[in-house]
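For reference, the structure is listed below as structure tokens.
Lettering follows sequence order; numbering is per chain, from 1.
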Amino acid sequence: MNPYLYFPRDGSFSGFREEILAESVIAVDTETTGLDPNSDSLRLIQIAVFGKPVFVLDMLLCDDTDRDAVAQILLSPSIKIFQNAKFDLQFLRASGFETGGKIFDTMLAAQLLKTPGGPARFGLDSISAFFLGTVVSKEEQTSGFDGDLREAQIEYAARDASVLLELRGVMAPALVSNGLADIASIEFQCARAIAEIESSGMLLDIDRWNILTDDTRETCRQAESRLFKYAGNWIVQPDFFGSETAVGLNLNSNKQVLDLLHDNGINVADTSKAALSPYRNEPLVKDLQEYRKASKMLGGFLEPMPSFINPATGRIHANYSQIGASSGRMSCWGPNMQQIPRDASFRECFIPSPGNSLVIADYSQIELRVAAQIARDEMMIEAYRNGGDLHKLTASLITGTPVDSVTKKQRQAAKAVNFGLIFAMGARGLQAYAQDTYDVEMSLEEAEEFRDRFFRAYKGINDWHNAIKKNPPRVSRSLAGRRYFHREDEGLAGLYNTPVQGSAADIIKNALGMLTATLKGTGARIIAVVHDEILLESPAENALKVAGILKETMEQADGGFMPDVPLAAEAQVASSWAEKQ
DNA sequence: TCAGTTCGCGCG
DNA sequence: AAAGCGCGCGAACTGA
């Protein structure tokens, strides 16, 4: 067991201030009374440096002198090693501690270093077992940090901090030798922004939300009662209020819904939106879609959302998994703010707190730009360099219309073509995608024709696809060097898409990291990120300036790995999330 | 009864 | 030859 000192029991911590400040690398870990930085509290701060005992500070007991010493050490420019930094950063901030220097996050490092044979879980115990070959038992320290501490708890807390030093010793060289150093520094710097997003949270206009909930309940009920009229094979009875109910019919059961469809002459294989698409004008199908929509809105968003409002802050603090998707994108849960419906009726419920404004920005066509860069497609690069409208250009190329005479409808169709085809969509898929997403009717012949012309016009994209098709890679990289081990059976679409999606993630993560610096002194906070969109809350008087900083930072966030294609972002000041384009 | 899987669908 | 991809979540369904 490594030696440790526990303060204040073992004397005064502040006497060690200078020798710790002289260190260039320190490991920091915390123990808390729970998992919620808004309602639970920080109990222990453990600080480990090479060649010294681990310093364990009991925040319940230590005095202001020791607090000041910790504050200064955390703020120093030395490298700070954390395991899952965003967690500790939130608790530290809630207790008034800010951190300086670069972050090294062992959890993010482990995720970047992940290989097919490596660990699938990234807790400290799993990764120390894998990278150090040591077995760490966490049993003693999982809970009970709010009363008197047992010696074993202090011992394990100290051990966790010293393990971080050892882990970096192994992982830092591994990141370099695996070509992951650049993406690691992007991820590490981004962790600060994610901590800020989670602790900031978002404010929900609950009154407006409740009205929307009531309205949607009514819509759902009406669609339901219309659907019961098709249920001849079920026993239809008037309910207490006189409207009809099909006894035993569960509209959420796809099995039963399939029967209902068949009974009414709609012979589909399954009840998915795609399968029902040819019948979308049938009254039964229309009612079903309306029911499903309303029921999804209710069960998926409207009803659960109020329970996510944190009683301590009155705001919704979602959880972000920084490397949540295999592509390198973030994911979000509890609640997932990345899937809030786009309808203005939903998004207008997300508002700034009094005296503040929202500042919202998103990247313009970032995945297409990334694809242009990866494929080095000359036509696309040229268009983006000249500030052209790529959707219009595609519309012109596939229809033969001069760019200036492209109609709105043509541009809309081209949008579907652009997004669909660079990711290996077939003519069939393109046709359905254009219909579903852009409300564009396209015959199969047209889809085939567009597909053909698209690949003839964009030679670089065509060559990029052909190269992958000819020799499917086992390993590939995003533009910032994020590494992908492709499954044996991974389809072409995945091989095309993963590095594109991941490179876009590299860029926005770089922007988030930069923002923690460029927003300093404005009073603005990052409150959400949705793949290619960043939301801030800013003091109203600064909002216009902040919008400029946000746009500028996002456009400068190429990190040097987008040499041929410029980035473009659009930012605006808003009084709710609905006010966006 | 309950954990795990599948479907369908919200977002990008 | 043909093929969009990536998530999280609720409800239904499956299997022991």
Side-chain angles (χ1 to χ4, degrees), chain A residues 250-258 268-277 288-289 291-305 307-308 318-343 346-347 362-368 370-371 415-434 436-437 447-448 451 454 461 465 468-469 472 478 482 484 486-487 489-505 507-508 528-535 577 580:
Chain A
N250 180 356
L251 291 171
N252 295 320
S253 163
N254 295 323
K255 229 176 179 173
Q256 294 185 32
V257 167
L258 194 60
V268 282
D270 59 72
T271 73
S272 66
K273 212 172 172 176
L276 287 168
S277 182
L288 177 63
Q289 307 288 31
Y291 169 80
R292 279 183 169 171
K293 173 103 182 165
S295 146
K296 168 97 182 173
M297 296 298 113
L298 280 172
F301 305 101
L302 292 164
E303 283 167 349
M305 195 60 72
S307 70
F308 288 113
N319 303 280
Y320 287 77
S321 301
Q322 195 174 310
I323 308 182
S326 53
S327 62
R329 265 193 180 181
M330 298 189 229
S331 66
C332 181
W333 55 276
N336 183 352
M337 298 307 297
Q338 302 188 321
Q339 60 175 164
I340 301 297
R342 285 194 66 113
D343 307 31
F346 283 78
R347 298 219 169 171
D362 63 352
Y363 278 113
S364 154
Q365 300 164 19
I366 190 164
E367 290 198 350
L368 276 178
V370 164
K415 233 168 147 174
V417 173
N418 278 335
F419 289 128
L421 291 191
I422 58 166
F423 303 129
M425 209 176 260
R428 262 229 153 72
L430 175 60
Q431 186 191 15
Y433 176 68
D436 285 358
T437 315
E448 266 160 12
R451 195 168 184 277
F454 177 92
I461 299 287
H465 279 194
I468 289 175
K469 216 177 291 180
S478 73
R482 189 188 301 280
Y484 308 106
H486 297 289
R487 291 191 324 271
D489 63 344
E490 184 154 0
L492 282 178
L495 298 181
Y496 302 151
N497 187 43
T498 308
V500 174
Q501 204 178 91
S503 301
I507 291 166
I508 199 163
V529 51
V530 189
H531 305 306
D532 65 351
E533 176 184 15
I534 297 175
L535 279 80
W577 196 3
K580 212 194 68 179

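In terms of the side-chain hydrogen bond (donor to acceptor under 3.5 Å, both in side chains) criterion, A:D436 has no residue partners (sequence neighbours excluded). A search for ring-ring contact (aromatic ring centres under 6.0 Å, His included) contacts involving A:H531 returns nothing, not counting sequence neighbours. Remark: A:S272 pairs with A:D270 by the side-chain hydrogen bond (donor to acceptor under 3.5 Å, both in side chains) rule, at least two apart or across chains. Residues that satisfy the ring-ring contact (aromatic ring centres under 6.0 Å, His included) test with A:F301, not counting sequence neighbours, are absent from this structure. Not counting sequence neighbours, A:S331 has no partner by the side-chain hydrogen bond (donor to acceptor under 3.5 Å, both in side chains) test. Legend: residues meeting ring-ring contact (aromatic ring centres under 6.0 Å, His included) with A:F454, ordered by chain and number and at least two apart, are A:Y458. Under the salt bridge (Lys or Arg N to Asp or Glu O under 4.0 Å) criterion, A:R329 pairs with A:E367, sequence neighbours left out. Listed by chain and number, the residues in a side-chain hydrogen bond (donor to acceptor under 3.5 Å, both in side chains) with A:S326 amount to none (sequence neighbours excluded).
Among the heavy atoms of the strands lying under 4.0 Å from A:Y433 is at least one base atom, whether or not backbone atoms are also near. A:G299 comes within contact range of the sugar-phosphate backbone alone, with a heavy-atom separation under 4.0 Å but no base atom that close. Counting any heavy atom pair closer than 4.0 Å across all strands shown, A:S326 reaches sugar-phosphate atoms only and no base atom. Within the 4.0 angstrom heavy-atom criterion, no nucleotide atom of any strand lies near A:G491. Residue contacts shown for A:G334 are limited to sugar-phosphate atoms, with no base heavy atom under 4.0 Å away.
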Check: What string of B, S and - do you get for nucleotides 4-12 of chain B, 5' to 3', when a contact is any protein heavy atom under 4.0 Å?
Finding: ---SBBBSB
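With a cutoff of under 4.0 Å to any heavy atom of chain A, the contacted region of DNA chain C is bounded 5' to 3' by C:dA3 to C:dT14.
Of the inter-residue distances, the one linking A:R482 atom CZ with A:S327 atom OG reads 7.5 Å to the nearest 0.5 angstrom. Distance check: A:L492 CG to A:N497 CG gives 12.0 Å after rounding to the nearest 0.5 Å.
Counting only Watson-Crick or G-U wobble pairs whose defining distances are both under 3.5 Å, the stems of 3 or more consecutive pairs in DNA chain C are B:1-12 with C:5-16.
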Could you give the side-chain donor-acceptor pairs of residues 415-434 of chain A under 3.5 Å, partners two or more places apart or in another chain?
from	atom 1	to	atom 2	distance (Å)
A:N418	OD1	A:T394	OG1	2.7
A:N418	ND2	A:H391	ND1	2.9
A:N418	ND2	A:T394	OG1	3.1
A:Q431	NE2	A:M442	O	3.0

